[in-house]
Amino acid sequence: MSKKPPFSELVRAFWKPYLRLLHYMLPYRKRFALGILCGVLAGSLSGLIPLVIKKAGEPLMAAGARLPDKSALWSGAVSNEGPGIEEVIGIALLIPLVMVARGIFSYLNVYSLAWVSLRVLRDMRTQLFGHLMSQSLDFFHREKAGTLMSRVMSDTRVTQTALTSISGDIIKDPIAVLTGIVVLVAIDWKFSLTTLVLFPICILPIVIFGRRVRQAGKAEEREMAQMSVILQETFAGVRVIKSFGREDYQTTQFARSSDVQCRNSMRVRRSSDIVQPLIESVSALGVVLAMLYVYVYGISFAKFAALCAGIFLLYNPVKNLSRIPMLMQKCMVSAQNIFELLEILPSITDRRESKALPPVRGEIVFDNVSFHYTPENAAVRDISLHIAPGCKIALVGASGAGKSTLLSLLLRFYDPGAGRLTIDGHDLRDITQNSLRSQIGTVTQETFLFHDTIFENIRYGRLDATAKEVEEAARAAFAHDFILAQPKGYETIVGDKGCMLSGGQQQRLAIARALLKNAPVLLLDEATSALDSESERMVQAALDRLSQGRTVVAIAHRLSTVLQSDCIVVMDQGRIVATGRHEELLAASEVYRSIYELQFHHAPV
Ligand code: ADP
């Protein structure tokens with residue numbers, strides 16, 4: 001039988017996320033305290049209003065009753081018999097005065113808490129984004145981009161909104177209710193008791209429907225994340241969707257999610273909106289009791305007005321308080337989502353003692369390296385390879401042979417399960433990731449261009465590059481001429497993922513970017529799809545230029561790359577099965593011969 005955790009532990013577990021949230025508010029505690037103080041003042045003033053109405057009303061009623069001729073008011077004829085007009089105005093002004101003071105404190109309360117919570121939102125989002133950026137590649141393979149977007153955008157927003165409302169209401173409203181009740185009781189306890197006797201019944205709908213709102217609210221949040229997944233995947237995969245003519249299919253999927261979302265929101269509304277009319281109905285019964293009381297006992301009009309105002313003013317704070325459990329639940333669901341994400345540690349981290357990699361010559365050694373993505377299958381096994389500085393290596397092998405995995409290991413996207421990988425004698429695990437990657441340039445098959453200008457896309461290779469250096473890199477990559485032919489030259493926006501440019505042009509921009517980075521090691525994943533021969537020639541020439549004087553490890557799909565390389569590494573099922581030059585391998589390696597027949601024989605040179 002499972003043992004129940006002790007009560008104190010349950011309490012601690014319940015409050016832990018709140019305490020963690022409070023932690024985010026610490027830097028803004030002064031403003032937060034000011035907000036709360038204003039809330040206390042606004043709440044207290046709110047409770048005092050009936051008292052003011054009574055205090056102001058009684059002498060006014062008395063004076064009004066004594067006044068035989070209202071025209072005497074302005075002649076000052078009544079001044080000796082009761083309060084004068086100045087005094088009457090003074091008393092009457094007390095009411096707007098208290099209301100204005102309450103308004104000012106309420107405003108300062110809401111404003112200060114919004115000030116704090118919006119900063120908490122900003123900090124949380126930035127921290128979350130930074131945390132996501134620190135994650136290793138495997139994390140992004142595991143998680144859906146849409147869900148992550150929903151965490152950063154929606155969960156933080158829900159937390160912030162709930163936080164504003166909760167911290168705005170949780171102090172102000174109980175004080176308003178308490179002072180309100182105390183004042184009502186002080187004015188006429190029998191009347192107040194008769195009217196408020198039904199008040200506790202209001203708690204029932206709050207509890208019952210609050211629970212339903214919480215459940216529906218959770219489903220609403222879940223579906224919101226699902227919706228952003230559909231959106232993200234649709235926009236990212238728009239090419240595939242269009243080419244398969246699956247627009248209607250995607251639209252149906254979105255419509256379904258939208259429909260679920262609509263039903264969830266309706267469930268929330270159905271339960272949350274019923275609370276108010278129920279409370280109002282109960283209050284109306286209270287009014288009946290109040291009238292009966294007035295009929296039986298008879299109270300002065302000023303007193304009656306004060307008591308009615310007091311009861312009326314209780315309504316809003318009670319309504320707000322009834323929302324708090326729901327808000328807290330909403331806030332917690334979202335905050336937990338955020339905290340869970342923040343607790344995931346990156347699988348690849350810099351050690352505390354890691355040093356920056358000094359400028360390298362580019363000597364790479366795989367020393368008996370093995371690596372598993374999943375426990376069942378090794379992606380690469382017992383890889384031993386020595387690559388001298390400035391050497392050009394061509395990796396060849398069937399799809400799934402482990403070529404990309406070797407490049408990922410070199411970039412330290414993953415750590416080897418066994419063996420060691422060094423660059424200029426430094427084990428990759430002993431150097432910082434940034435310093436390693438700053439010395440490795442990559443050009444991959446899928447060129448990723450940002451929705452920005454051509455200039456900025458090239459400059460991404462080295463952010464401090466000057467305009468002249470960007471242009472030089474573009475010239476070296478044979479991109480300058482086609483860039484100038486664009487409508488705005490270097491300032492042309494390339495469109496989402498570079499869709500305004502041809503495949504060959506995109507590749508040359510990626511090469512220019514790598515040229516600008518000027519890293520001593522170059523990892524190349526050649527495009528499998530053939531470009532037209534003119535583009536192909538240009539890309540090849542640009543790549544040749546980029547490769548000069550660097551250590552190059554290329555996943556080769558072109559015969560020319562294979563022929564020009566110093567060493568071809570033949571991979572099969574995660575192992576290196578042969579190494580050597582083209583002719584040697586053709587003669588000696590069965591695997592190479594079949595790869596050559598399949599891939600290179602007809603491939604562009
Ligand atoms: P190649 O680049 O030669 O086509 P890869 O290095 O991409 O081969 O893949 C080697 C093996 O690792 C394949 O069996 C592939 O299915 C597996 N693999 C690649 N990437 C992942 C991943 N992210 N998660 C799990 N398995 C993977």
Side-chain angles (χ1 to χ4, degrees), residues 132 134-148 229 233 236-237 344-348 364 366-385 387 392-419 421 428 433 437 440-448 507 510 521-530 543 552-559 561-562 565 567-580 585 589-600 603:
L132 291 178
S134 76
Q135 290 295 328
S136 318
L137 213 59
D138 56 338
F139 170 85
F140 294 98
H141 289 161
R142 237 178 15 242
E143 301 284 337
K144 292 178 183 165
T147 313
L148 297 179
V229 168
E233 288 187 344
I344 300 176
L345 296 175
S347 51
I348 305 288
I364 296 165
F366 283 85
D367 183 6
N368 231 352
V369 168
S370 297
F371 174 73
H372 296 248
Y373 287 103
T374 51
E376 309 85 54
N377 292 315
V380 290
R381 259 177 291 189
D382 308 323
I383 302 287
S384 286
L385 189 64
I387 306 170
K392 298 190 179 14
I393 295 285
L395 297 176
V396 299
S399 169
K403 306 178 295 292
S404 313
T405 304
L406 286 193
L407 299 197
S408 296
L409 288 169
L410 256 174
L411 282 160
R412 205 177 166 221
F413 289 153
Y414 308 96
D415 277 334
L421 224 171
L428 298 196
Q433 297 172 72
R437 291 175 197 150
I440 301 179
T442 48
V443 177
T444 53
Q445 315 191 12
E446 290 159 34
T447 319
F448 188 90
Q507 281 182 21
V521 177
L522 177 66
L523 306 184
L524 213 60
D525 187 359
E526 286 182 341
T528 38
S529 53
L543 278 176
V552 182
V553 183
I555 297 178
H557 292 294
R558 290 191 184 88
L559 186 56
T561 314
V562 170
S565 63
C567 178
I568 303 165
V569 174
V570 186
M571 297 194 66
D572 188 31
Q573 296 181 16
R575 292 179 191 276
I576 295 179
V577 290
T579 53
L585 288 173
S589 168
E590 181 68 31
V591 180
Y592 184 72
R593 262 200 304 276
S594 68
I595 292 170
Y596 171 74
E597 282 298 321
L598 266 168
Q599 284 190 20
F600 302 123

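Predicted model only: the values in this text are computed from it and were never measured. These values consider heavy atoms only, across backbone and side chains, with no hydrogens, waters or symmetry-generated copies. Read the numbers this way: they start at 1 and go in the same order the structure lists the ligands and their atoms.
With sequence neighbours left out, Tyr414 forms a ring pair (Phe, Tyr, Trp, His ring centres under 6.0 Å) with Phe371, Tyr373. Scanning for side chain to side chain donor-acceptor pair (under 3.5 Å) contacts around Asp138 gives Ser347, with sequence neighbours left out.
At the shortest separation from atom 2 (O) of ligand 1 among protein heavy atoms lies Ser404 OG, 2.5 Å. Protein heavy atom in closest approach to atom 23 (N) of ligand 1: His141 ND1, 3.5 Å. With respect to atom 4 (O) of ligand 1, the closest heavy atom belonging to the protein is Gly400 N, 2.7 Å. Atom 8 (O) of ligand 1 has its closest protein heavy atom at Gly402 N, 3.2 Å. Nearest protein neighbour of atom 25 (C) of ligand 1, counting heavy atoms only, is Tyr373 CB, 3.2 Å.
Two residues are said to be in side-chain contact when any heavy atoms from C-beta on lie closer than 4.5 Å; Tyr596 and Leu559 meet this criterion. Taking the side chain as every heavy atom from C-beta outward, His557 and Asp525 approach each other to under 4.5 Å.
Between Ile555 and ligand 1, no N or O atom pair is found at a separation short of 3.5 Å. Polar contact check, Tyr414 against ligand 1: no nitrogen or oxygen pair lies under 3.5 Å apart.
Taking all atoms of both residues into account, the shortest heavy-atom contact from Val562 to Ala556 is CG2-CB, 3.8 Å.
Only one option out of Val521, Thr442, Leu421 pairs with Leu410 in a side-chain contact (heavy atoms from CB on, under 4.5 Å); it is Leu421.
Put simply, CZ on Arg142 and CG on Leu137 are 11.0 Å apart, with the number rounded to the nearest 0.5 Å.
At least one protein heavy atom sits closer than 4.0 Å to atom 13 (C) of ligand 1.
Below 4.0 Å from some heavy atom of Ala398 lie the following atoms of ligand 1, by number and element: 3 (O). The Ala379 neighbourhood of ligand 1 comprises atoms 11 (C), 12 (O), with distances under 4.0 Å to a heavy atom of that residue. Against a heavy-atom cut-off of under 4.0 Å, Thr405 is close to the following atoms of ligand 1: 5 (P), 6 (O), 9 (O), 10 (C).
Of the charged side-chain nitrogens involved, none lies within less than 4.0 Å of a carboxylate oxygen, so that Asp572 and Arg575 do not count as a salt-bridged pair.
Ligand 1 has no atom lying under 4.0 Å from any heavy atom of Gly397.
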